[in-house]
Amino acid sequence: MIPDHSSIDSLSDCVGEEVTLRGWLYNKRSSKGLHFLVLRDGTGLCQCVVNESAVDDTSWSAADDATRESSLELKGVVGIDDRQIGGFELQVSSAVLIHKAEEYPITPKEHGVDFLMNHRHLWLRSQRQWAILRIRNRVTMSIHEFFQGRGFLQMDAPILTGTAVEGTSTLFEMEYFGRTAYLTQSGQLHGEAMAMAFGKIYTFGPTFRAEKSKTRRHLTEFWMIEPEMAFYDLDGAMQLAEDMLSRIVSDALRDCQAELEVLERDQEPLKRSIGGYPRITYSEAVDILKSEKTAQMVANKIVAIEQEQKDIAAESEEGKAAYGQAKKWQKRKTDAREIEIQRRTNEIEEELRNLPKWVESARQFEWGSDFGGSDETLITWNFDRPIIVHRFPHGFKAFYMKRDPEDDRLALGMDVLAPEGYGEIVGGGERATDLSFLQDQVRAHGLPEEAFKWYFDLRRYGSVQHSGFGLGLERTVTWICGIHHLRETIPFARTLDRLYP
RNA sequence: UCCUCGGUAGCUCAACGGUAGAGCGUGCGGCUGUUAACCGCAAGGUUGUAGGUUCAAAUCCUACCCGGGGAGCCA
């Protein structure tokens, strides 16, 4: 059956008409002879008013019995009401209770992370998750449209592989008919083979890292987009990454206003992130990191958050002083604010502990080592949009990176760092094309040469300059959404300690 | 692997050595325009597990289990 009911996001076309809505009860408020049902159908929310005097007994008891997340079919006339969420209201003429939900565990009040993650299959129904996952969908579609529009071929790289692409990361191992197979950590090498066959390709698929990372920036299973382009140099790859991200950002701003508002995302940083990404070399980034300007910036930041700390402490005291004679709803408001103040206070205390350490480690930074998380953050604080850092010391980069012909200490790699502390979302560069250089590198990195025989063939038969990069989907969505943690940007996050649900 | 914080009612938290409480949610009752509606009543607990100290442990100590944040590494 193809359902013939209306969806909440199309109610603007039906004002004054009778429609049927099907969905789930998001919230209910009642007084004598009236039920205000907030219906959720996946496209939006709509308040539906059931008046005892306007419906028959069956409809009234359906509304009466309906519990949170019960499924309902509601028929009624659409009216405009600016006070309501979504801007419309349904005057119900008949209601059918499709299924009465048991006591629903997720309430409108706050919940802890552990509880919510254990109920992820239900958490997905709430507003915030709706907004985030719709933005993820928009980002996914933007990426496909961007590459398809530029003549790229989408390819599916294998998920089971026999080798590690970059010896550094830990891989998930599995028994494979008496041999060892791994879950892929990158589709790049296979992407290069496809690029030599089709010119420009991109992969869009899951990747796996068995790193024991327990942070808000890590998943063990995440989605990566890896374009690979024959005849592109490093500059070409950087321009492509900038164009792709600009497209993602502008599409989200155009199509996801409702979602960004639910998330209370400050859109100014996104509006600035369309084009004009500064390119800075690793060496320039090191200079910025060690500069007096950066140290001064952090010092200013410390002063600012110390002031904020005092301000919110004062606000907290005021709330407590007024608490005694406050009305119940005021107390509740104060309580809610107090929780927020506590959370922010803890954050500030952690920042005040960390910032001096960050400055110190930045001061001590030596040319040739890799940036840590705090170094990246300090560098990006100097800019108001994504930046592209390029030409790194080859020591900590992958074996397949091409050396800079102008400076043999450097590899032609590049990273895109998102602003606002979101950090690395793209990593890539120009690939080495010379067979004997690659063979040396594989040996130098301690990788099994025989596993790369097929890869070496790409340098035997018409080797050409080529470049590519990998985009982390969840990190990108986290940045667009302006949210704190990666785990909310994928329907079912897989982390170190979580395989359920 | 290391550092750090936490585990009390279905949920979020309080009690910090002396009879375990509140709000939300749930149930019942009231209210014809509510916006996390509101008002009243009620039910709801071997304080993560196992030891130990004490006249007395949610509270102090030890070990373990579970989870959060971070380092390293990375997208």
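Values in this document were obtained by computation on a predicted structure and should not be read as measured data. Lettering of chains follows the sequences in order, A, B, ..., and the numbering in each one begins at 1.
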Ignoring hydrogens and angles, write down the donor-acceptor pairs under 3.5 Å from the side chains of residues 369-379 of chain A, residues two or more places apart or on other chains.
{"from": "A/S369", "atom 1": "OG", "to": "A/E366", "atom 2": "O", "distance (Å)": "2.9"}
{"from": "A/D375", "atom 1": "OD2", "to": "A/G372", "atom 2": "N", "distance (Å)": "2.9"}
{"from": "A/T377", "atom 1": "OG1", "to": "A/G373", "atom 2": "O", "distance (Å)": "3.0"}

Expected list for residues 466-473 of chain A: side-chain donor-acceptor pairs under 3.5 angstrom, two or more places apart:
{"from": "A/H466", "atom 1": "ND1", "to": "A/V464", "atom 2": "O", "distance (Å)": "2.9"}
{"from": "A/H466", "atom 1": "NE2", "to": "A/E192", "atom 2": "OE1", "distance (Å)": "2.7"}
{"from": "A/H466", "atom 1": "NE2", "to": "A/R459", "atom 2": "NH2", "distance (Å)": "3.4"}
{"from": "A/S467", "atom 1": "OG", "to": "A/Y232", "atom 2": "O", "distance (Å)": "2.8"}
{"from": "A/S467", "atom 1": "OG", "to": "A/D233", "atom 2": "O", "distance (Å)": "3.3"}

RNA chain B in dot-bracket form (Watson-Crick or G-U pairs under 3.5 Å, [ ] crossing, | inter-strand) is (((((((..((((....[..)))).(((((.......))))).....(((((..]....))))))))))))....
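Along RNA chain B, the nucleotide nearest to A/L496 and the one nearest to A/M224 differ in position, and the one closer to the 5' end is contacted by A/L496. Place A/T107 and A/I425 on RNA chain B by their nearest nucleotides, and A/T107 ends up nearer the 5' end.
For A/R68 and B/rC24, the CZ to C1' distance is 11 Å, given to the nearest whole Å. Counting to the nearest Å, the C1' atom of B/rC74 and the CG atom of A/D375 are 14 Å from each other. To the nearest angstrom, P of B/rC74 lies 14 Å from CG of A/L417.
With P as the reference atom, B/rA57 and B/rU49 are 15 Å apart, rounded to whole Å. Taking atom P in both B/rG17 and B/rG40, one finds a spacing of 34 Å when rounded to whole Å. Of the P atoms belonging to B/rA58 and B/rA9, the separation is 14 Å, rounded to the nearest Å. If you take atom C1' in B/rG30 and the same atom in B/rU12, they sit 28 Å apart, rounded to whole Å. If you take atom C1' in B/rA43 and the same atom in B/rG25, they sit 13 Å apart, rounded to whole Å. Comparing the C1' positions of B/rC2 and B/rG44 gives a spacing of 42 Å, expressed to the nearest Å. Look at the P atom in both B/rA15 and B/rA22: the space between them is 15 Å, to the nearest Å. B/rU4 and B/rG18: their C1' atoms are spaced 32 Å apart (whole Å).
A donor and an acceptor atom, one from each side chain of A/E226 and A/Q188, are nowhere located under 3.5 Å apart.
Remark: A/F204 engages A/H144 in a ring pair (Phe, Tyr, Trp, His ring centres under 6.0 Å) (not counting sequence neighbours). The ring pair (Phe, Tyr, Trp, His ring centres under 6.0 Å) test applied to A/F115 returns A/H111, A/H119, not counting sequence neighbours. The ring pair (Phe, Tyr, Trp, His ring centres under 6.0 Å) test applied to A/H394 returns no partner, not counting sequence neighbours. By the ring pair (Phe, Tyr, Trp, His ring centres under 6.0 Å) test, A/H218 pairs with no residue at all, sequence neighbours left out. In this structure A/T67 satisfies the side chain to side chain donor-acceptor pair (under 3.5 Å) test together with A/S70, sequence neighbours excluded.
For the pair A/R217 and B/rG72, the criterion of a side-chain N or O lying under 4.0 Å from OP1 or OP2 is not met. A/R216 has no side-chain polar atom (N or O) that falls below the 4.0 Å cut-off from OP1 or OP2 of B/rA71.
Salt-bridge check for A/K357 with A/E360: failed, with every basic side-chain N at 4.0 Å or more from each acidic carboxylate O. Contact check on A/D64 versus A/K28 returns no salt bridge, with no Lys/Arg side-chain nitrogen under 4.0 Å from an Asp/Glu carboxylate oxygen.
Contact annotation: the side chain of A/E228 never approaches that of A/M155 to less than 4.5 Å [non-hydrogen atoms, C-beta and beyond]. Two residues are said to be in side-chain contact when any heavy atoms from C-beta on lie closer than 4.5 Å; A/R209 and A/E221 fail this criterion. In this structure, A/Y277 and A/M238 have side chains that are not in contact, with every pair of non-hydrogen atoms separated by 4.5 Å or more. Here the side chains of A/R279 and A/Q239 are in contact, with some heavy-atom distance below 4.5 Å.
Using a 4.0 Å heavy-atom cutoff across all strands shown, A/F115 reaches sugar-phosphate atoms only and no base atom.
Sorted by first and then second residue, the salt bridge (Lys or Arg N to Asp or Glu O under 4.0 Å) pairs involving residues 120-143 of chain A (not counting sequence neighbours) are A/E69-A/R125, A/R128-A/E488, A/R134-A/E259, A/R136-A/E474, A/R138-A/E145, A/R138-A/D251, A/R138-A/D255.
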Distances for protein N or O near nucleotides 5-9 of chain B N or O, under 3.5 Å:
none

Atom pairs, N/O to N/O, protein against nucleotides 31-33 of chain B, distance under 3.5 Å?
{"from": "B/rC31", "atom 1": "OP1", "to": "A/K32", "atom 2": "NZ", "distance (Å)": "3.4"}
{"from": "B/rU32", "atom 1": "O4'", "to": "A/K32", "atom 2": "O", "distance (Å)": "2.7"}
{"from": "B/rG33", "atom 1": "N1", "to": "A/E89", "atom 2": "OE1", "distance (Å)": "3.2"}
{"from": "B/rG33", "atom 1": "N2", "to": "A/E89", "atom 2": "OE1", "distance (Å)": "3.1"}
{"from": "B/rG33", "atom 1": "N2", "to": "A/E89", "atom 2": "OE2", "distance (Å)": "2.3"}

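Less than 4.0 Å separates RNA chain B from at least one heavy atom of each of the following residues of residues 480-491 of chain A: A/H485, A/L486, A/R487.
One N or O donor and one acceptor, one from the side chain of A/H218 and one from the base of B/rC74, sit under 3.5 Å apart.
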